[in-house]
Amino acid sequence: MAVRKLVEHVFAVGAIDWDRKLFDELIPLPDGTSYNSYLIIGKEKTALIDTVEPEKKEEFLNNLKAANPQKIDYIISSHAEQDHSGCIPDVLKLYPNAKVVTNAKCKSFLKEFLLLKDDVFIEINDGDTLDLGGKTLKFIFTPWVHWPETMSTYLVEDKILFSCDFFGSHRAASHLFVENSHRVIVDAKRYYAEIMMPFRVQIRKNIEKLGEYDIKYIAPSHGPVYPDPKIIIDAYKGWISDEVNKKVLIPYVSMHGSTKKIVEYLTDKFIENNVEVIPINLTVADVGQIAMELVDSAGVIFATPYVLAGAHPAVVSTAYLTNALRPKVKVASIVASYGWGGMGTKQIQGMLSNLKAEFVEPLLIKGFPKEEDFKKLDEFSKTITNKIIQGGAV
Ligand code: FEO
């Protein structure tokens with residue numbers, strides 16, 4: 001149990017999840033996470049920004065009791081996903097006069113997910129304000145960070161932006177504020193990669209919108225509070241830009257060593273060509289690492305053996321995920337190793353329709369690569385390298 005003071009009359013009352021290792025049953029959390037909830041005590045009214053994952057209800061409610069607000073008038077719901085909204089019904093039980101303040105879309109989600117009734121809501125519009133008495137909340141709609149209903153709240157007097165998932169990072173930590181600015185940017189990049197990357201265009205608009213606010217602190221709903229918001233805003237600007245690095249990612253699986261030989265050979269070629277190369281063995285890979293590398297890679301090459309007359313299921317799964325994440329890669333291709341036949345390259349290519357990348361003709365190699373295959377791999381790596389450079393990678 002820990003209540004931590006952010007500024008005068010503003011407290012962090014959320015929960016730290018030291019043990020959680022998987023989010024959405026998909027995303028690895030190597031360092032745990034936190035679900036941040038903030039209590040803002042005005043002269044007349046008290047507001048709570050978001051709640052926590054229901055599994056951490058006890059810790060959260062203990063923190064809330066320790067903070068000892070005389071009342072809670074408003075529960076601001078920034079985002080309907082249950083890691084922030086899941087304990088709203090519990091807060092309403094403790095403070096039955098509280099109202100849930102949110103936008104129309106979030107309200108409709110909360111009614112579906114938490115079975116909340118219409119009369120507990122106060123519906124607000126973009127730019128509306130709520131006066132707590134010496135503490136003014138301004139609601140800024142910031143859709144698609146991470147769902148269509150997500151919004152931020154700006155505490156005018158203290159210049160704090162409560163951004164929910166936006167600018168968040170997954171790490172369980174006892175400190176409230178960023179202590180290691182390099183580490184938090186790596187954590188935030190992983191987080192951006194895993195859930196924000198498909199929404200680059202909308203994020204750009206959101207960041208432009210925030211440009212008109214003087215922000216002293218960014219207080220997200222996962223990870224530490226930024227006392228220097230510029231570091232995370234600048235990092236986001238890089239990730240959402242069209243710029244890519246001179247880097248190629250090679251997610252691969254090898255069953256009997258042929259694909260591995262192909263990948264090792266290609267890796268050496270890219271090193272010779274001064275292109276950063278990241279081969280990732282999918283049998284031991286972390287989905288978050290793949291997503292992170294896709295944030296700024298100029299190219300991606302899927303390398304697969306054929307099994308059951310198609311691409312290896314682990315490569316299929318990664319191609320599906322890559323397509324869903326919509327990275328800004330400029331070049332994509334496939335290398336495949338086969339024994340007797342199959343349609344694996346077409347299968348993978350067909351799964352990448354969201355990518356705006358130039359597609360280089362896949363390379364199909366029978367059995368263990370031979371001299372003529374290495375020559376083809378030389379050409380293949382040259383073609384990819386040239387396209388990466390022509391694509392403006394830096
Ligand atoms: Fe942290 Fe989209 O929920």
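In listed order, ligands and their atoms are each counted from 1.
With respect to the salt-bridge test (charged N to carboxylate O, under 4.0 angstrom), the residues Lys209 and Asp126 qualify.
The side-chain hydrogen bond (donor to acceptor under 3.5 Å, both in side chains) search around Tyr236 returns none, not counting sequence neighbours. Shown here are the side chain to side chain contact (heavy atoms under 4.5 Å, CB included) partners of Gln202, two or more places apart in sequence or in another chain: Trp144, Phe199. Applying the salt bridge (Lys or Arg N to Asp or Glu O under 4.0 Å) criterion to Asp118, with sequence neighbours excluded, gives Lys107, Lys111.
No side-chain donor from either of Thr136 and Thr129 sits under 3.5 Å from a side-chain acceptor of the other.
Within His222, the N, O or S atom at minimum distance from atom 1 (Fe) of ligand 1 carries the name NE2.
The only option from His182, Arg171, His222 that meets the side-chain hydrogen bond (donor to acceptor under 3.5 Å, both in side chains) definition with Asp187 turns out to be Arg171.
Excluding water, every protein N/O/S atom under 2.8 Å from atom 2 (Fe) of ligand 1 is given here by residue and atom: His79 NE2, Glu81 OE1, His146 ND1, Asp165 OD2.
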